[in-house]
Every structure is written in C-alpha cells, then in structure tokens.
Asker: 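Supplied in structure tokens, the structure appears directly below.
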Amino acid sequence: MSWDVAIIGGGVVGSAIARELAGYQLRCVLLEAADDVGTGTSKANTAILHTGFDAGPGTLESRLVTRGSSLLREYAQETGIAVEPTGALLVAWTPEQASSLDGIVAKARANGYFRAVPVSESGVYEREPRLGPGAVAGLWIPDEWVIDPWSVSLAFATEAVRAGVSLRLRTKVTGVTVLDGGFELAVASRTEPVRCRFAVNAAGLASDQVDRMFGCEGFSIQPRKGELIVFDKLARPLLSSIILPVPTPRTKGVLVAPTVFGNVLVGPTAEDVADRSDLSTTAAGLAALVAAGRQILPALEQEEVTATYAGLRAATEHRDYQVSRHGRYARVAGIRSTGLTASLAIAEHVAGLLEEAGLALEPRADGWRRVPPRMPYLGEAGSRPYQLAERIAADPPYGEIACHCERVTKGEIRDALASDLPPAGLDGLRRRTRAMNGRCQAFFCGAAVSAMFGRGGGQRDQ
Amino acid sequence: VTNDVLIVGAGPAGLTAAVELRRLGVKRVLVAEREEQPGGVPRHSWHTGYGLRDRHRILSGPAYARVLTNAVGRAGAELRTGCTVTDLQAGGENLTAVLTSQAGIEEIRPSAVLLATGCRERPRSARLVPGDRPAGVLTTGELQQRVYLRGEQLPGRALVVGAEHVSFSAVVTLAHAGARVVALTTEHERHQSYAAFRLGAALRWRVPVWTGMAVTRVTGAAGRLGSVEITDLRSGQVRTVDCDWLVFTADWIPDHELARSCGLDLDPGTRGPAIDPAMTTSTPGVFAAGNLVHAAETADVAALSGRHAARQICSYLAGQRVRTRPARVQIVAEPPLHWISPNIVPSGGPTPPRDRFILRTNEFQRPARLTVRQDGNVLARSRPQRLIPGRPLSVPSSWLAAADPEAGPITVIIEPAS
C-alpha cells in the first residue's frame with residue numbers, strides 16, 4: 001500500500017502541512033518520532049504571534065510570516081485557541097539603539113508592515129509604567145500578540161486526523177529508498193516501511209539528517225538553545241505588552257512578555273549547542289535571565305519563578321528558511337523561531353510545491369469543507385470552564401478544580417484524556433490542560449492528577 | 001444582621017477556628033476546602049507528633065485531621081470540600097466571595113473572612129536548579145500524597161534536598177515507598193533538625209547528611225531522572241549522584257494567591273499577609289491565621305493561631321473593636337533574621353497567639369538574645385536561644401504595651417548572650 005504523501009515531522013509545521021493536504025483527495029500519513037505532536041521547538045518557544053516586521057525583507061520567511069500571521073489569527077478565532085492582542089513595545093535603552101529605530105521602521109515597511117509607531121521616552125513609560133529606568137525611546141508594534149503555542153499543533157493535527165490523515169506517533173524515519181515514482185521510508189520500531197509517492201521533510205532539528213537520507217545537502221542544522229523563565233501569575237499585572245529589545249544581527253535578544261496563560265516570560269538566551277537533544281537549562285543562562293528581567297522590569301525581583309525551560313531553534317547557516325523541492329521530495333527546514341506564526345502559510349506554499357511536482361490537488365467531494373476543531377480555551381483573558389455557571393450546571397466536573405494553581409477542572413482533564421489526540425504522558429496532559437503547570441509544580445495536585453491520568457489515559461501509553 | 005464567617009481552608013488553623021467561632025456563638029460558619037478531603041497537610045503526613053499543644057495528645061497526621069474534622073461537625077459549622085474560593089473582593093465594609101464547586105458558582109457576602117490557606121514548599125523551578133526536566137523530581141507534599149493517599153511505590157534511589165524536620169519525614173516516606181535514600185543534602189553547615197531524627201536516619205536507614213552541598217544540575221535519561229550533580233560549597237568540587245527520585249523539602253512559601261489578589265498588604269519577611277496580634281490584615285473584616293502567616297510552624301501552632309483568630313473575629317463582629325484602621329507600626333526582623341509574625345503593632349488590642357511573636361533566622365548562631373527596639377529604646381530582650389534556620393524562635397509579647405504605634409518602626413535584632 002502506498003500513501004500519496006508522507007510528512008516527516010509532527011511539529012507545528014508538519015501538522016499544518018498535514019492539515020492543508022487533508023483538504024484534497026489524497027491519502028496522507030504524518031510520521032512523528034516522539035509520542036505526541038508539537039513536542040520539539042513547537043512547544044518551547046516565546047509563544048509570540050509575530051507580524052514579521054523584523055524579518056529580512058524579500059525573504060521567503062518575510063512573505064510566509066506575513067501571510068501566516070493573518071491566517072493564524074483567523075484560525076485561532078475559529079478554533080478558540082487563546083490569543084491576546086497585547087502589542088509589543090520595542091525599547092531602546094541607549095542613544096545608539098534609539099538611532100536604529102528609524103531603520104527598524106523602514107525595514108518593517110519593506111516587510112509590508114506599516115503600523116509600527118515611534119514612541120518617545122515618556123510615551124514608553126506611559127505604556128509600561130513599571131519598566132526599569134533608562135529607556136530612551138521606543139517603537140509600538142500593535143499587532144505583535146501572544147498565543148497559546150501548544151494548542152496550535154494539536155488543533156492542526158486534530159483537524160488532519162479527523163479529515164482522514166493517518167498520524168503515526170513514535171515513528172522515527174531511519175532511512176529512505178528512492179523508488180520509481182516515490183519513496184520507501186524505513187521506520188524504527190515498525191517492520192513495515194512506509195511507501196509514498198511524495199515526501200515532505202518537516203523534521204525540525206533532524207531535518208538535515210532526513211535531507212541527507214533523500215540524497216540532498218546544502219544546509220546543516222546548528223541548534224541554538226534558548227532558555228526561558230516563567231514568572232508567577234501574580235507578576236502579570238506588572239506589564240501589559242510584549243517588551244522587546246533592539247535586535248542584533250545574531251539574535252532578537254531577551255524579551256519580557258505576558259503569556260496567554262497569565263504568566264510573565266523572560267527569555268530567550270541564544271547559545272549555539274552541538275547536541276540536538278540538549279534541552280537543559282544552565283546556571284549561567286538562568287542567572288542572565290533573572291538579571292535581564294530585573295533590569296527591564298525591576299518589580300520581578302519580588303516575584304516567584306514558576307518554571308524554567310529551554311528550547312532549540314532549528315537554525316541553519318543560512319539567513320532564510322530552507323524550503324525547496326527536489327523531484328517528489330519537499331524540504332521544509334530552517335524554520336527558526338517564526339514557524340508557529342508562519343505555519344499555515346508554509347503549508348499552503350508546500351502544497352503548491354508538491355503540485356508543481358505533479359501531485360494532483362483535487363478538491364474533496366462536493367459538500368466537503370474544512371471543519372476547524374473546537375479547542376479547549378487555555379487562556380486567562382477569556383473565560384475558563386470553572387468560571388461558567390451554565391457549563392458547570394450542565395456538566396458538574398467543570399466545577400471541580402483539580403489543579404488549583406492553574407484552576408484546571410476534572411472535566412477538562414477528562415476531556416483531554418478522551419480527545420481525538422489523547423496525551424501519551426503527563427507532559428502531554430500539561431500541554432492540553434495546563435494541569436500541574438502552576439506555581440506549586442504539583443505540590444498540591446500532582447498525586448491526584450497522575451491518578452486521574454492513570455485511570456483515564458495511562459493505558460494508551462505503550 | 002447575620003454574623004456569617006467564611007473560613008478559607010480546612011487545615012488545622014481553619015478547622016480549629018471554625019469550632020471556636022461556633023463555641024463563641026457565631027451563627028453561621030462555613031469552611032471552604034478546595035481539596036476533596038479536609039485536614040490540610042496532616043491528612044497526608046503519616047508520622048506521629050500531631051496535636052500536642054492544641055489537643056494535648058499525640059496523634060498521627062491523618063488521625064489528627066480526623067479529630068479536627070469531627071470536631072467541626074459536632075460544633076455545627078458547615079464544611080464544604082471540593083469547593084474553591086475563586087475570588088474575594090473587599091470593598092469597604094463589604095466582603096464578597098465566589099465559591100466554585102461541582103454544585104455551581106455561588107456568591108456569598110460574609111461578615112468576616114478568615115484566610116487559612118496554608119503554605120507549600122518551593123519547587124525545584126522556583127529554586128532555579130538548572131538542568132533537564134525529567135519526571136521524578138518532587139516536593140515532600142507531592143511525595144506524601146503519592147505514597148500515603150495513592151499507595152504508590154517509588155522504587156530506586158532517592159536524594160532528599162534539605163535537612164530540616166520535614167526532610168527527615170521525607171526519608172521515612174521514601175523508605176515506606178520502597179526507595180533507597182542515598183543522602184540528605186543541605187547548603188548549611190549542619191542539619192537543622194533534632195539530633196534524634198538525625199541519629200534515627202543514620203541508624204535506621206543508614207542515610208548520611210551531606211552538609212555544605214548544593215544541587216547544581218539535574219540530568220534526565222529518556223524522560224526519567226538519571227542523576228543529580230552536587231557541588232561542595234567549600235571546595236567547589238563536583239560529584240554526580242545517580243538517583244531516580246529527587247525530593248525538594250522545606251523552603252516554605254505561603255499560599256498567598258487569594259490574599260494578594262484581594263489586595264492585602266504583604267509582609268516582606270513572611271510573604272504572607274501583614275497581620276497584627278489580632279490576626280487582622282490590612283483590610284477590615286479579613287483575618288489570616290496558620291501557616292499563611294508563618295510558613296511553616298507545626299500543625300498545633302497553626303491550630304492555636306486559628307483559635308486565637310476566631311476569638312478576634314468574634315470581638316470584631318461584636319463591634320468591640322474600632323473598625324477604622326488605627327495607627328499601626330511595622331515590626332522589622334533585621335537580617336540574618338528572616339521574618340517575624342505577627343509583624344504589625346496597632347494601638348491597643350490583644351496579645352498574639354500563645355503570647356509570643358514567632359521568628360525565623362537564616363543563619364546558625366550560638367545562643368543569643370533577640371532584642372526588640374523602637375527609636376533607640378530597648379522594649380524587650382528574649383532569653384538566650386539557639387539560632388537554627390528553619391526552627392522556631394520567639395519573643396514574649398509582654399513589651400507590646402510599651403510600644404508606640406505612632407512612633408518609628410520596631411526592629412528585632414540578634415544580640416550575643418552575655
């Protein structure tokens with residue numbers, strides 16, 4: 001049996017491609033090495049819904065981020081994924097930085113973004129009164145928002161699976177044989193190889209390794225680690241928008257941002273690492289973030305840290321995304337930190353590439369239409385189930401709070417365990433519900449939530 | 001006028017306060033507990049030693065929790081479990097609380113509120129311990145619940161971070177769950193518990209205490225804890241300890257979310273609401289007791305603080321106390337003292353629970369006196385006491401009448417015993 005398209009990598013990009021192709025008369029399989037979708041770079045990032053104002057003008061990244069940005073805003077609305085229209089305040093802390101703001105505005109225009117507004121020193125403090133001393137000037141970018149990053153991959157994959165895409169978890173591609181009119185993919189832990197007519201490499205941090213399996217070369221992944229600190233929800237009132245630094249050629253720098261979950265995020269650091277699986281935080285990295293956070297928002301010093309984590313950006317030696325087609329193989333790589341925002345546009349673009357290679361994009365039967373899945377709302381700005389009297393009346397477990405810090409109810413945990421994409425472990429449950437993600441880090445609820453998981457979903461984990 | 005009192009939290013402080021309020025004739029007392037079972041921390045703490053100061057007997061944690069809960073039933077207070085106070089608004093004399101449970105969302109307007117939300121241990125992330133994020137890293141609170149409430153077995157090697165009473169309790173729990181405890185580690189120069197506990201750990205379970213050591217890195221393997229890096233703070237030497245479980249103990253912080261979200265002033269030392277000896281917070285009608293205001297004392301001390309708060313709430317409801325905020329002066333515990341509770345002195349009012357102020361220090365010191373000063377005058381000196389981080393220190397409250405709430409801040413300092 002042969003698939004029309006095999007997509008290697010179930011991150012936000014691979015899931016988006018699967019969702020896109022599900023709209024056509026195609027048989028698609030999504031292969032993911034981990035036990036869940038969205039577990040790599042897709043889960044550990046700054047969770048910002050970018051405008052693309054600071055992309056390299058004329059690049060593919062610039063075009064896809066701009067397009068993807070509006071597509072994802074619309075998709076979040078349709079699916080109920082939490083988004084907060086915070087806006088971003090880019091702050092210059094030195095006269096040199098202030099003098100570069102005009103250039104940033106010009107670059108934004110070159111990227112097709114025209115709403116960046118210069119802000120005076122007093123304007124900076126009017127917007128963010130708790131900001132540390134020393135700001136010289138700023139730039140207001142009203143359309144940089146924050147988003148729930150976990151639900152995006154889950155929504156794409158859920159929609160794809162419901163539309164008939166086969167999702168294979170714990171399925172790592174280990175080798176490729178080129179066949180006449182397609183490929184045979186050897187996969188670990190399965191005896192049967194996967195045959196397909198077209199293949200897409202969306203393997204993120206492993207994309208260069210997969211690329212070589214297809215006999216291609218031309219880029220290598222140079223993982224760049226970003227460490228982040230999440231502060232307690234009680235710090236959330238300290239700021240209203242994303243506080244950006246003036247970027248350097250190498251990194252966008254350390255930002256301080258609200259999260260849709262109601263916390264304050266500080267990060268990321270930027271450190272080139274050799275090990276693609278190294279997601280460890282470091283003493284130096286955390287110390288640097290604490291120092292940066294206190295400088296930007298001094299009141300953070302009084303607040304508790306809820307979590308620390310690290311993510312790896314799939315950087316390459318090239319400035320732009322590495323998206324190209326080689327026969328029936330499409331490479332979708334080097335999607336650094338803008339992949340979440342650009343994902344839906346990348347998916348459209350990749351579908352176009354495959355069509356060029358001869359994949360027929362036939363619309364599905366008459367009357368078929370995309371049905372965006374309704375995702376659980378995990379944000380703080382809107383209403384969660386425990387706040388909705390009618391929902392509790394109709395289904396009382398929505399009134400039983402199991403995770404107290406994050407106010408996650410038994411009803412939501414039950415729903416996640418019974419969903420189309422149930423979590424394979426407690427980390428998956430965390431990303432679907434926020435349970436155990438709060439300030440106590442499971443002191444109060446860990447035992448009870450694990451027990452619910454063991455009863456309701458643990459058996460699924462092989 | 002109905003004299004309704006809402007108590008938030010059914011731990012030792014909240015349950016004891018409920019009984020006392022009923023005994024004093026308050027008509028309606030409601031205890032809201034977010035967990036499914038009442039009792040607070042003692043319900044999952046199986047070791048003995050509970051109830052000494054308040055019940056004058058010695059019980060295990062779960063037995064103590066049952067005794068307190070039964071007393072609430074007999075006293076005619078209402079206890080709701082699985083019921084979270086999701087919002088508390090204090091505007092002038094009006095208090096509004098939102099109660100959320102499977103029964104729905106209910107808004108109530110109590111005449112007074114007692115916050116008895118307790119405390120928790122700082123988890124690994126809040127201590128900024130770097131490394132991987134594998135499973136198997138816990139706090140004592142989670143450990144006890146998994147072992148004693150859920151019957152989990154935790155086979156493998158375990159390392160306990162901390163060497164206070166609770167750390168030794170974690171050793172007992174781990175041993176009960178089938179873990180082999182490699183050691184307790186502490187950044188301090190010695191352990192902070194009783195010699196008997198230390199000896200017990202050494203003899204019964206052969207667990208050493210590694211002093212002057214910091215946990216500096218956590219390493220995972222396939223999602224599970226693999227090893228922990230320990231750094232000797234004196235020599236800088238680093239060693240790697242293979243283990244399957246890492247338990248962070250003590251380093252208490254009040255669970256103060258509700259207190260903060262309703263706008264109460266916090267004490268910078270305790271990080272709980274600032275309170276005076278009547279357990280009054282900065283908002284009229286809102287009182288606080290238990291380990292929310294002194295994290296962490298033993299359960300019986302928390303219970304007695306709840307009982308004391310109940311009496312003050314009765315006085316408040318009876319209108320005996322001036323409802324406008326009187327002059328108040330802050331008490332500052334000077335470093336290396338960590339905190340003092342209560343930490344506000346008003347004009348007039350009662351003495352604090354057990355007629356004493358409780359303190360903590362951050363440093364070991366030889367026996368020393370705690371001296372209370374205001375504007376250069378010595379108000380009181382305690383008897384000499386040994387200073388051990390994490391262990392209770394106290395100053396009798398007999399000096400209260402001599403303090404001037406209109407004058408400068410009151411400070412407490414350590415003076416060598418001569």
Side-chain angles (χ1 to χ4, degrees), chain A residues 35 44 227 229-230 232-234 237 277-287 289-290 302 304-310 386-393 395-402 404-405 407 409-411 425-427 436 438-448 450-451 454, chain B residues 34-36 41 44 82-84 86-87 98-106 117-133 135 137-152 216-220 223 231 248 253 255-257 260-261 266 268 271:
Chain A
D35 62 8
E227 297 178 43
I229 292 183
V230 179
D232 195 288
K233 290 187 165 48
L234 293 163
S277 63
D278 178 6
L279 290 171
S280 62
T281 54
T282 63
L286 296 181
L289 291 178
V290 167
Q302 297 301 318
E304 293 284 322
V305 168
T306 293
T308 65
Y309 64 95
Y386 81 91
Q387 296 167 305
L388 299 169
E390 296 111 70
R391 262 190 105 165
I392 300 172
D395 194 354
Y398 288 128
E400 287 184 82
I401 297 175
H404 303 295
C405 303
R407 294 191 174 161
T409 62
K410 289 186 180 174
L426 288 175
D427 283 339
M436 302 185 294
R439 59 173 67 87
C440 89
Q441 292 285 300
F443 178 98
F444 291 115
C445 74
S450 319
Chain B
R34 63 190 191 178
E35 298 290 345
E36 285 172 27
V41 165
H44 54 71
C83 175
T84 305
T86 45
D87 193 24
V98 177
L99 274 51
T100 304
S101 70
Q102 59 174 325
I105 298 172
E106 189 187 347
T117 50
C119 64
R120 58 190 165 84
E121 295 161 303
R122 272 200 182 82
R124 175 252 174 126
S125 51
R127 303 183 198 208
L128 294 179
V129 176
D132 298 329
R133 297 205 299 161
V137 180
L138 317 172
T139 49
T140 319
E142 184 183 1
L143 170 72
Q144 289 185 341
Q145 293 189 54
R146 287 175 66 163
V147 173
Y148 294 131
L149 300 186
R150 308 281 165 191
E152 285 186 46
T216 43
R217 190 178 168 86
V218 171
T219 303
T231 302
F248 285 88
I253 177 162
D255 215 36
H256 61 202
E257 183 191 12
R260 275 187 74 176
S261 58
L266 288 199
R271 315 223 354 111

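First the proteins, then the strands, lettered A, B, ... as listed; each starts at 1.
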Asker: Kindly give the heavy-atom pair with the smallest separation between A:Thr306 and B:Ser125, and that separation in Å.
Answerer: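 Of all heavy-atom pairs spanning A:Thr306 and B:Ser125, the closest is O-OG, 2.7 Å.
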Asker: Using heavy-atom distances under 4.5 Å, tell me whether B:Arg260 contacts chain A through its side chain, its backbone, both, or neither.
Answerer: side chain
Asker: Taking all atoms of both residues into account, what is the closest heavy-atom pair of A:Gln441 and B:Glu142, and its distance?
Answerer: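 Closest pair (atom of A:Gln441, atom of B:Glu142, distance): O-OE1, 4.1 Å.
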Asker: Kindly indicate whether the side chain of A:Tyr386, heavy atoms from C-beta on, has any atom under 4.5 Å from the side chain of B:Thr84.
Answerer: no
Asker: Which atom pair, heavy atoms only, marks the closest approach of A:Glu304 to B:Ala126?
Answerer: OE1-CB, 4.0 Å
Asker: Does any backbone or side-chain atom of A:Ala283 lie under 4.5 Å from a heavy atom of chain B? Answer side chain, backbone, both or neither.
Answerer: both
Asker: Quick one: what part of A:Val290 sits under 4.5 Å from any heavy atom of chain B, side chain, backbone, both or neither?
Answerer: side chain
Asker: Identify the two heavy atoms, one from A:Thr282 and one from B:Pro130, that lie closest to each other, and give their separation to 0.1 Å.
Answerer: C-CB, 3.5 Å
Asker: Side chain, backbone, both or neither: which part of B:Arg271 has a non-hydrogen atom closer than 4.5 Å to chain A?
Answerer: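 Side chain only.
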Asker: Let me know if A:Lys410 has heavy atoms under 4.5 Å from chain B in its side chain, its backbone, both or neither.
Answerer: side chain
Asker: If you count heavy-atom pairs under 4.5 Å with chain B, which of A:Cys405, A:Cys440, A:Pro397 comes out on top?
Answerer: A:Cys440
Asker: Tell me, for B:Leu128 versus chain A, whether the close heavy atoms (under 4.5 Å) come from the side chain, the backbone, both or neither.
Answerer: both
Asker: Is it the backbone or the side chain of A:Leu388 that comes under 4.5 Å from a heavy atom of chain B, or both, or neither?
Answerer: backbone
Asker: Say you draw a straight line from CD1 of A:Ile401 to CD of B:Glu35; how long is it, rounded to the nearest 0.5 Å?
Answerer: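 Going from CD1 on A:Ile401 over to CD on B:Glu35, the span is 11.0 Å.
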Asker: OH of A:Tyr398 to OG1 of B:Thr100: how many Å apart, nearest 0.5 Å?
Answerer: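 Between A:Tyr398 OH and B:Thr100 OG1, I get 15.5 Å after rounding to 0.5 Å.
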Asker: Under 3.5 Å, is there a donor-acceptor pair between the side chain of B:Gln145 and the main chain of A:Phe443?
Answerer: yes
Asker: Please classify the contact of A:Arg391 with chain B as side chain, backbone, both or neither, using a heavy-atom distance under 4.5 Å.
Answerer: neither
Asker: Can you tell whether the side chains of A:Lys233 and B:Glu257 come within less than 4.0 Å, N to carboxylate O?
Answerer: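 Result for this pair is no, no salt bridge flagged.
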Asker: Heavy-atom cut-off 4.5 Å, strictly under: side chain, backbone, both or neither for B:Thr86 against chain A?
Answerer: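 For B:Thr86, backbone and side chain are both near chain A.
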Asker: Return the option, out of B:Glu36, B:Arg122, B:Arg120, with the maximum number of heavy-atom pairs under 4.5 Å with chain A.
Answerer: B:Arg120
Asker: Please classify the contact between A:Gln302 and chain B as side chain, backbone, both or neither, with a heavy-atom cut-off of under 4.5 Å.
Answerer: both
Asker: What are the two closest non-hydrogen atoms of B:Ser101 and A:Ile392, and how far apart are they?
Answerer: O-CG2, 3.6 Å
Asker: Starting at OG1 of A:Thr281, measure out to CZ of B:Arg133 and round the result to the nearest 0.5 Å.
Answerer: 8.5 Å
Asker: Is it the side chain or the backbone of B:Ile253 that comes within 4.5 Å of chain A heavy atoms, both, or neither?
Answerer: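 For B:Ile253, the side chain is the part near chain A, not the backbone.
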Asker: Which answer fits A:Tyr309, side chain, backbone, both or neither, if we ask what part of it has an atom under 4.5 Å from a heavy atom of chain B?
Answerer: both
Asker: Could you verify whether a donor N or O on one side chain and an acceptor N or O on the other, from A:Ser450 and B:Arg150, lie under 3.5 Å apart?
Answerer: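 On atom types as modelled, these side chains do not qualify, holding no pair under 3.5 Å.
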Asker: Top residue by heavy-atom pair count (under 4.5 Å) with chain A, among B:Gly131, B:Ala103, B:Gly141?
Answerer: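 Winner by heavy-atom pair count: B:Gly131.
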Asker: Can you tell me which portion of A:Ala448 sits under 4.5 Å from chain B's heavy atoms? Options are side chain, backbone, both or neither.
Answerer: both
Asker: Measuring heavy-atom distances to chain B, does A:Leu279 have an atom under 4.5 Å in its side chain, in its backbone, in both, or in neither?
Answerer: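 Only the backbone of A:Leu279 comes within 4.5 Å of chain B.
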Asker: Chain A heavy atoms under 4.5 Å from B:His256: which part of the residue, side chain, backbone, both or neither?
Answerer: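 B:His256 touches chain A through side-chain heavy atoms alone.
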Asker: Heavy-atom distances under 4.5 Å only: say whether B:Glu106 touches chain A with side chain, backbone, both or neither.
Answerer: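 Looking at B:Glu106, nothing touches chain A.
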